[in-house]
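Heads up, the thing below is written out as structure tokens.
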Amino acid sequence: MKNAIATAFALTLLSSAAWADSIVLSGPVSLSGNGFGANTTALTIQSHGPATNSESGCIAPGLTAGSGACAPGDGVVGGSEASPIGFPKQAAPSLSSLGITSGSQIGILFDGVQPQSGNNNVVNINDLTLKLYSGSTLLYQVSGSFSNLATNPGNGTSDYLFTLDPSAVNAFNAVLAGNTNDFIALDSTISFPNQSAGPDSYSFVNLNTGLNTGPTPSPMPEPSSLLLLGTGVAGTAGILRRRLFRN
């Protein structure tokens, strides 16, 4: 998974030279049912019911939600959805807690869950805005929009990775100025052609370390290795036995 994220990010850097200050789509990332693993959910939004075709929400440091948490002028009609903070399902983490020291390390994972009728299970991300805060003060924001992202019902079955283009990385780092105690947060508005109820979630990931899905199990020895190990143990036991008899 770490290699998949690194490859997607490298392709983004190669293809985004014409972009300026934007969030860009690196590509799909299959989590194979692991969901977000141990990564903190950054934002979850859900429509009020099956009669609506859009959903939106904003989060700010201190688990502040609603329209007051939205970045000014980014086009998001935030706070109109029921806040999922009570679950809790969202957070505005500090960069230091994620081990992030540069905008080039920021990855935003999207998990779309739209159990729509028929085969047209797609969503449009009308707005995805990343915000950088010092305390409650908004320092920087950058946005992107994306159309016709295919989704599959069920958490962790269909995900996308978003990153910052080179221009946005430079602008982010200039404002950050090495203060990794700053916080990052998200706004988003999503629409879909068929009535649905979500939920749709985002998570932050450090591109240098990949997804935190738990410890990697130790590899099982191959049969030939086990045979060599057994032969070695038996040989050592024989040598020790001969030495005991000599004494």
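Along the sequence shown, residues are numbered consecutively beginning with 1.
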(request) Go through the structure and list residues passing side chain to side chain contact (heavy atoms under 4.5 Å, CB included) with Asn126, not counting sequence neighbours. (result) Asn124, Thr189, Ser191

(message) Within the structure provided, determine whether Phe110 and Ile125 are in side-chain contact (heavy-atom separation under 4.5 Å).
(response) yes

(request) Spell out, as yes or no, whether a donor-acceptor pair under 3.5 Å connects the side chain of Thr41 to the backbone of Leu43. (result) no

(request) Determine the minimum heavy-atom distance between Leu207 and Ser104, stating which atoms define it. (result) CD1-O, 3.4 Å

(request) Apply side chain to side chain donor-acceptor pair (under 3.5 Å) to Asp165 and Ser22, showing your working. (result) CA-CA 6 Å; Asp165 73 5; Ser22 181; 5.0 Å; no

(message) Classify the ring geometry of Phe172 against Tyr140: parallel below 30°, tilted from 30° to 60°, perpendicular beyond 60°.
(response) perpendicular

(request) Any chance you could measure Ile45, atom CD1, to Asp187, atom CG, to the nearest 0.5 Å? (result) 10.0 Å

(request) Drop me the distance from Ile106's CD1 to Ile184's CD1, to the nearest 0.5 angstrom. (result) 4.5 Å

(request) Using the test side-chain hydrogen bond (donor to acceptor under 3.5 Å, both in side chains), find all partners of Ser97 that sit at least two apart in sequence or belong to another chain. (result) Ser94

(request) Drop me the distance from Ser203's OG to Leu186's CG, to the nearest 0.5 angstrom. (result) 9.5 Å

(request) Could you pull out the closest heavy-atom pair between Gln90 and Ala42, with the gap in Å? (result) CB-O, 3.3 Å

(request) Would you indicate whether the side-chain heavy atoms of Ile190 and Leu128 approach each other to under 4.5 Å? (result) no

(message) Minimum heavy-atom separation for Pro72 and Gln141, please, with both atom names.
(response) O-NE2, 3.4 Å

(message) I need the minimum non-hydrogen distance between Thr44 and Ser201, along with the two atoms involved.
(response) OG1-OG, 2.8 Å

(message) Any heavy-atom pair between the side chains of Leu164 and Val24 that's under 4.5 Å?
(response) no

(message) Which heavy atom of Leu130 sits nearest to which heavy atom of Phe204, and what is that distance?
(response) CD1-CE2, 3.7 Å

(request) Measure the CG-OG1 distance between Leu95 and Thr101 for me, rounded to the nearest 0.5 Å. (result) 9.0 Å

(request) State the CZ-CD1 distance between Phe162 and Ile23, to the nearest 0.5 angstrom. (result) 8.5 Å

(request) Check Gly99 against Asn206 and note the closest heavy-atom contact, atom names and distance. (result) O-ND2, 3.0 Å

(message) When you measure from the side chain of Asn208 to the backbone of Gln105, do you find a donor-acceptor pair of N or O atoms at a distance under 3.5 Å?
(response) no

(request) Examine distances only and state if a side-chain atom of Asn179 and a backbone atom of Asn181 form a donor-acceptor pair shorter than 3.5 Å. (result) no

(request) Carefully, step by step, assess Leu25 and Leu149 under the rule side-chain contact (heavy atoms from CB on, under 4.5 Å). (result) CA-CA 10 Å; Leu25 173 62; Leu149 300 180; 4.1 Å; yes

(request) Scan side-chain atoms only and decide if Thr180 and Asp182 contain a donor-acceptor pair under the 3.5 Å cut-off. (result) no

(request) Drop me the distance from Asp200's CG to Ser56's OG, to the nearest 0.5 angstrom. (result) 12.0 Å

(request) Only counting residues at least two apart or in another chain, list the ones meeting side chain to side chain contact (heavy atoms under 4.5 Å, CB included) with Tyr133. (result) Ala60, Pro61, Lys131, Leu138, Phe183, Ala185

